Asker: 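If you scroll down you'll find the structure; I have some questions about it.
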Protein chains: 2
Amino acid sequence: MTSRKVISFENIKVACKNCSLATLCLPMGLTPDDVERLDGIIKRGRPYHRGDHLYRGGDKFHSLRVITSGSVKTYSPNEDGGEQVLGFHLPGELIGLDAIQDDNHTCSAIALETTAVCEIPFSQLESLSCIMPSLQHQMYRLLSREIGQETEMLTLLGKKSAEERLATFLLSFSERFKQRGFSASDFFLSMSRHEIGNYLGLAVETVSRLFTRFQDENLLHVERKHVQLLNIPRLYDIVQADSAKSSQSRI
Amino acid sequence: MTSRKVISFENIKVACKNCSLATLCLPMGLTPDDVERLDGIIKRGRPYHRGDHLYRGGDKFHSLRVITSGSVKTYSPNEDGGEQVLGFHLPGELIGLDAIQDDNHTCSAIALETTAVCEIPFSQLESLSCIMPSLQHQMYRLLSREIGQETEMLTLLGKKSAEERLATFLLSFSERFKQRGFSASDFFLSMSRHEIGNYLGLAVETVSRLFTRFQDENLLHVERKHVQLLNIPRLYDIVQADSAKSSQSRI
DNA sequence: AGACTTTCTTGATGCGGATCAAGTCATTTT
DNA sequence: AAAATGACTTGATCCGCATCAAGAAAGTCT
């Protein structure tokens with residue numbers, strides 16, 4: 001808020017150029033000078049606690065946000081109080097892209113645990129991207145990547161079996177944790193079974209049964225939120241094999 | 001291809017400023033001068049015939065395309081020859097946004113009937129958007145809108161019944177035809193039942209049965225590709241009512 | 001026109017996963 | 001520590017839609 005530059009531990013810590021997430025978020029591919037300018041418009045706020053909303057559907061849109069620690073669930077509330085979980089977001093991931101459209105958030109975002117974010121005021125980002133072609137390019141790529149990811153989700157929800165859905169889900173987390181320097185085979189899921197089910201288009205009970213089944217088959221060990229993948233190749237097989245089976249879609 | 005400017009009926013006909021689709025595609029919100037410049041980079045090719053590919057997954061990406069007449073199906077081919085239909089696109093709609101990501105098309109696009117398109121070389125569009133903030137803004141909005149639309153599809157595939165899916169599908173076409181100045185209640189669908197089913201995550205037989213059922217209930221009259229909606233409000237009820245029922249997703 | 005192919009429809013059957021119901025375990029409250 | 005609450009699991013049952021099968025209608029080829 002204040003424009004005076006105060007040297008503090010926090011300011012140093014959160015500068016984009018020192019951020020370990022830079023390769024995942026916007027600064028990717030920018031020159032040091034560019035990063036400096038981008039850094040100038042980014043705001044760091046107080047952390048959110050479990051259950052706090054980062055924004056809600058209908059809120060005025062002003063900033064994109066990059067998760068820097070913790071995790072976030074985005075969901076689209078429908079009329080009746082129900083919801084569709086749209087995604088689970090880890091550090092380095094950008095959320096709010098869907099709100100550019102008409103300056104209002106169309107979905108909601110809620111912290112699944114203690115979570116810190118960088119806020120990027122969109123109008124400033126837009127101005128900056130006008131004078132920084134590489135930033136503009138990066139923005140286009142990010143928006144396009146988001147579209148590609150949702151496309152994969154469409155295939156998952158349209159064609160895949162419950163087993164495949166959960167395997168895909170687990171491998172997605174495995175890969176993303178690995179990218180971030182954590183174990184690909186031993187991690188904690190911050191969301192509930194219910195939220196997983198909602199995301200994957202399955203009932204809670206089905207998710208629970210699948211975890212049990214996967215454990216019985218020695219594919220993983222699970223105890224509440226703690227998951228250890230014991231046979232990652234086999235999980236990839238499940239994702240592949242069943243999608244080969246579902247040739248129902250040949251036209 | 002040739003750089004000589006030849007005055008021809010075609011050239012006149014297809015200028016952006018005279019295009020009836022301008023309010024649906026990129027020129028929306030641009031000044032006449034801006035439209036002129038945009039017009040300068042747009043290419044119009046020979047029309048595609050039914051079954052022709054506009055591009056295939058894996059093709060090098062160079063241009064976004066706006067449908068100007070006809071209709072196009074986009075789909076994501078999966079390993080085994082099956083496919084997930086991603087969308088059906090009408091005049092004024094922009095396709096190829098998913099390919100910006102890594103300079104390659106991730107999905108394929110095929111003409112469902114005789115179809116004309118404008119090609120917009122992306123690198124030129126990008127340069128232009130650097131010097132035309134309103135174009136840049138429009139691009140961000142379009143990309144964001146695409147994300148929002150896919151989000152709605154996720155809810156459809158994740159939570160809705162077969163009946164709701166088909167009603168949603170029909171109303172989507174009804175609205176889009178209306179926007180384009182055609183009848184909202186009497187139109188031809190250019191895709192097969194199989195393609196509709198694939199898109200909606202349903203078997204062909206289910207789609208066929210639902211058409212029959214809707215007809216029996218006097219919601220519509222259907223004869224092969226020709227659809228007449230007889231009770232649009234009731235179709236909206238179906239979309240709403242069932243989504244109120246499915247409160248399974250409350251967390 | 002006749003043969004063939006493809007698309008669509010309709011009926012019969014079966015299965016995957018939802019729903020219902022109850023119990024277990026963990027966490028929070030008092 | 002006991003009670004209450006919420007998250008997860010497990011079992012029983014049910015239903016929506018996929019699948020299988022066959023026929024009808026439309027489009028294509030010769």
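Chain A is the first sequence line, chain B the second, and so forth, proteins listed ahead of strands; every chain is numbered from 1. Everything numeric in this text was worked out from a predicted model, so none of it was measured.
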Asker: Check the distance between C/dG17's C1' and A/L210's CG and give it to me in whole angstrom.
Answerer: 9 Å

Asker: Is the number of heavy atoms from other residues, nucleotides or ligands within 6.0 Å of NZ (B/K225) greater than 12?
Answerer: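 Yes, NZ of B/K225 has more than 12 neighbouring heavy atoms, counting only those of other groups under 6.0 Å.
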
Asker: Could you tell me whether a side-chain N or O of B/T74 sits under 3.5 Å from a main-chain N or O of B/A109, the two making a donor and an acceptor?
Answerer: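 Side chain of B/T74 to backbone of B/A109, a donor-acceptor pair under 3.5 Å: no, none is there.
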
Asker: Round to the nearest Å and state the distance from B/E223 atom CD to C/dT9 atom P.
Answerer: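 Atom CD in B/E223 sits about 10 Å away from atom P in C/dT9.
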
Asker: Decide yes or no on salt bridge (charged side-chain N to carboxylate O under 4.0 Å, His left out) for B/R176 and B/E93, but give the supporting numbers first.
Answerer: CA-CA 10 Å; B/R176 286 149 78 201; B/E93 292 173 355; 3.0 Å; yes

Asker: What pairs with B/E119 under salt bridge (Lys or Arg N to Asp or Glu O under 4.0 Å), at least two apart in sequence or on another chain?
Answerer: B/R65

Asker: Give the B/S/- string for nucleotides 7-17 of chain D, one per nucleotide from 5' to 3', where a protein heavy atom under 4.0 Å of the base yields B, of only the sugar-phosphate yields S, and otherwise -.
Answerer: -SBBBB----S

Asker: Could you tell me which residues satisfy side-chain hydrogen bond (donor to acceptor under 3.5 Å, both in side chains) with B/T106, sequence neighbours excluded, listed by chain and number?
Answerer: B/D98

Asker: Should the pair B/R180 and B/F177 be classed as cation-pi, given the thresholds of under 6.0 Å to the six-membered ring centre and 45° from the axis?
Answerer: no

Asker: Expressed as a whole number of angstroms, how long is the span from B/N198:CG to C/dT7:C1'?
Answerer: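 After rounding, the reported distance stands at 16 Å.
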
Asker: Check the distance between C/dG17's P and A/R165's CZ and give it to me in whole angstrom.
Answerer: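 To the nearest whole Å, that distance equals 7 Å.
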
Asker: Quick one: B/L189 CG to C/dT7 C1', roughly how many Å, whole number?
Answerer: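 So the CG-C1' distance, B/L189 to C/dT7, works out to 15 Å.
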
Asker: Nearest whole angstrom, please: distance from the C1' of C/dG16 to the CD of A/E164.
Answerer: 13 Å

